[in-house]
Amino acid sequence: MALASENASPRGNHRSGKTPIRQASRRIQNLFRSKPVAVLLYFIVIYVIARMSVAGAEAMGYNWQWYRVPDYLFQFTEDGFQWGEIFFGLVKSIDLSVKAFVLATLVGLFIALLRLSGLVVGSGVALVYLEFVRNMPLLVLLYLIYYVIGPIFKFDRYSAAIICLAVYHSATISEIFRAGINSVPRGQWEAAKSIGMSVAQSYRFIILPQSIKVMLPPLTNEAVQLIKSSAIVSVIAIAELTTIGRNIISDTYMSFEIWFTVAMVYLVVTLILSTCVSGLEKRFAVRS
Amino acid sequence: MPVESDSRPIIEIRNLDKFFGAFQALADVSLTVNAGERVVICGPSGSGKSTLIRCVNRLEEHSAGELIVDGVELNDETTNIRAVRMEVGMVFQQFNLFPHLTVLENLTVGPIRVRKISRADAEDRARKFLERVHIPEQADKYPAQLSGGQQQRVAIARSLCMEPRIMLFDEPTSALDPEMINEVLDVMVELAGTGMTMVCVTHEMGFARKVADKMVFMEDGRIVETAPPEQFFENPSSRRCRMFLDQILDH
Ligand SMILES: Nc1ncnc2c1ncn2[C@@H]1O[C@H](COP(=O)(O)OP(=O)(O)OP(=O)(O)O)[C@@H](O)[C@H]1O
Ligand SMILES: [Mg+2]
């Protein structure tokens with residue numbers, strides 16, 4: 001019974017929507033969707049995990065040295081304020097991610113346009129590329145680019161890292177572009193054509209500006225994914241956040257503290273990113 | 001009163017066929033429109049009216065036959081289709097305004113990007129045509145803030161800003177609430193008074209009587225009857241056309 005009523009479409013039956021139980025469950029659902037409650041829940045979960053790991057570490061006889069961690073973020077020496085190692089790792093991670101994201105966006109747009117071009121060769125090439133990238137584990141792609149393609153085209157490890165991340169994420173980004181472009185009604189194309197616009201002009205002035213609103217949320221999500229997957233390039237010894245974390249640990253044996261710190265840094269960066277973009281989205285929504 | 005048209009053909013359609021897959025939407029359609037002439041096309045739903053006028057600015061590609069617009073034959077070899085489209089304005093049933101641009105930007109984007117005129121000139125021209133369609137005060141709004149009738153008049157002004165030689169209308173009033181139909185028709189009647197070549201698909205027979213030089217009745221992808229309006233309305237030669245007219249004039 002309960003299951004059946006759960007599955008009923010929310011708009012399907014107005015009378016069932018008015019029963020007290022339904023209303024209460026709707027209210028509870030909305031409660032869980034509200035921001036403050038979500039954040040609160042998040043911190044409760046973090047707190048429980050932290051307590052469990054502290055208890056576990058104590059049982060192992062782990063020697064906590066949190067007091068040493070801030071030095072790796074920033075320091076006050078006789079020369080004044082100085083950033084710490086973790087900060088430089090973060091800068092490198094962001095630098096890497098920004099470059100990779102820009103490249104991924106360009107490649108993604110190109111692939112999306114190829115697929116939408118209506119040319120048999122164009123969409124064929126795009127499909128092969130997409131299938132290849134989608135079915136390749138990120139780590140294998142990185143090895144492939146760094147050990148095989150890198151030596152052939154003579155690019156360094158840093159470029160290999162950027163290219164790997166860009167290629168990997170260009171697949172999703174091209175799908176985001178395609179969906180965004182397809183979300184613009186056909187009449188817009190026809191109106192643009194009927195005033196004499198070329199395909200390129202139609203895209204630039206009419207279609208893309210309208211699809212950005214649809215594409216912004218999934219693109220942000222993809223940027224967050226990219227920042228997270230940038231950690232993997234630590235396996236080819238790029239001095240980014242994860243690598244720095246590992247180096248510090250091998251010097252100090254503070255694995256718990258440093259991994260927690262590194263995780264928090266990633267979290268803060270991705271949260272800031274999401275917040276900025278949801279602000280941007282609101283501005284777009286107001287404008288049109 | 002219809003303005004005297006010079007009798008130079010500006011649209012020549014000869015034996016046009018159009019297939020969508022196996023379905024034939026146009027069959028052996030021939031029609032000549034002279035410069036300055038106003039043609040009204042009517043006919044039951046699915047008879048191919050939209051398809052026919054969409055072929056004229058090549059939103060649809062015809063399958064066989066000959067189509068010459070403003071001296072240019074339209075076919076696969078046509079390289080300057082964009083030049084032809086600049087001369088052929090089109091007003092759609094669903095307006096198709098650009099929702100992310102203001103009214104003024106809707107009107108200037110074509111002249112600036114396609115005709116390559118200066119922004120200042122384009123804005124002057126846009127304001128002139130907004131005046132012509134009686135909504136100069138809406139220039140800075142977005143399309144979604146306007147009523148249907150206002151949106152359609154903006155769409156007409158958008159086409160006129162390209163200074164076309166031909167205007168095509170595809171049921172411009174059939175998506176409108178009844179009280180807004182006349183404001184759009186009035187604008188179209190005024191446009192007819194300027195000597196613009198117009199091809200209108202519409203079932204507004206009052207409008208047709210007022211402006212049409214030539215009436216065309218289509219059915220099943222064919223032109224069944226072509227006649228001057230007096231003859232068309234008083235004494236149509238085909239039985240199907242008479243039945244159709246009786247039906248829509250009843251309402
Ligand atoms: N893109 C298309 N693909 C397949 N069939 C189509 C397409 N466009 C139109 N048709 C078909 O061609 C026929 C003519 O369509 P058209 O839109 O020209 O009719 P119409 O006279 O404008 O009708 P209406 O008064 O409903 O607008 C219809 O049967 C329609 O289903
Ligand atoms: Mg139609």
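Computed from a prediction, not measured in an experiment: that's the story for all the values here. Proteins get letters first, then strands, A, B, ... in listed order; numbering begins at 1 in each.
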Check whether any side-chain heavy atom of A:Met197 lies under 4.5 Å from a side-chain heavy atom of B:Val109, and answer yes or no.
-> yes
Spacing of B:Ile112 atom CD1 and A:Phe205 atom CZ [to the nearest 0.5 Å] = 9.5 Å
Measure B:Leu168 against the heavy atoms of chain A and call it side chain, backbone, both or neither at under 4.5 Å.
-> neither
One should read off an interatomic distance between B:Arg158 CZ and A:Ser194 OG, to the nearest 0.5 angstrom, of 6.0 Å
By a 4.5 Å heavy-atom criterion (distance strictly below it), what part of B:Arg58 contacts chain A: side chain, backbone, both, or neither?
-> neither
Under 4.5 Å, counting heavy-atom pairs only, tell me which of B:Val84, B:Leu97, B:Thr102 racks up the most with chain A.
-> B:Leu97
Counting only heavy atoms not in B:Phe20, do more than 12 sit closer than 6.0 Å to its CZ atom?
-> yes
Within a radius of less than 6.0 Å around CZ of A:Phe87, do more than 12 heavy atoms belonging to other residues, nucleotides or ligands occur?
-> yes
If we only count heavy atoms from C-beta on, is the A:Ile195 to B:Met86 side-chain gap below 4.5 Å?
-> no
Would you call A:Gln210 and B:Pro99 a side-chain contact if the rule is heavy atoms closer than 4.5 Å?
-> yes
For A:Gln201 and B:Arg82, work out which heavy atoms get closest and say how close.
-> OE1-NH2, 3.0 Å
Chain A contact via B:Phe98 - which portion, at a heavy-atom distance below 4.5 Å = both
With a 4.5 Å heavy-atom cut-off, do B:Arg54 and A:Glu190 have their side chains touching?
-> yes
Can you measure from OG (A:Ser211) to NE2 (B:His100) and round to the nearest 0.5 angstrom?
-> 9.0 Å
Hey, is CZ on B:Phe19 packed in by over 12 heavy atoms from elsewhere, all under 6.0 Å?
-> yes
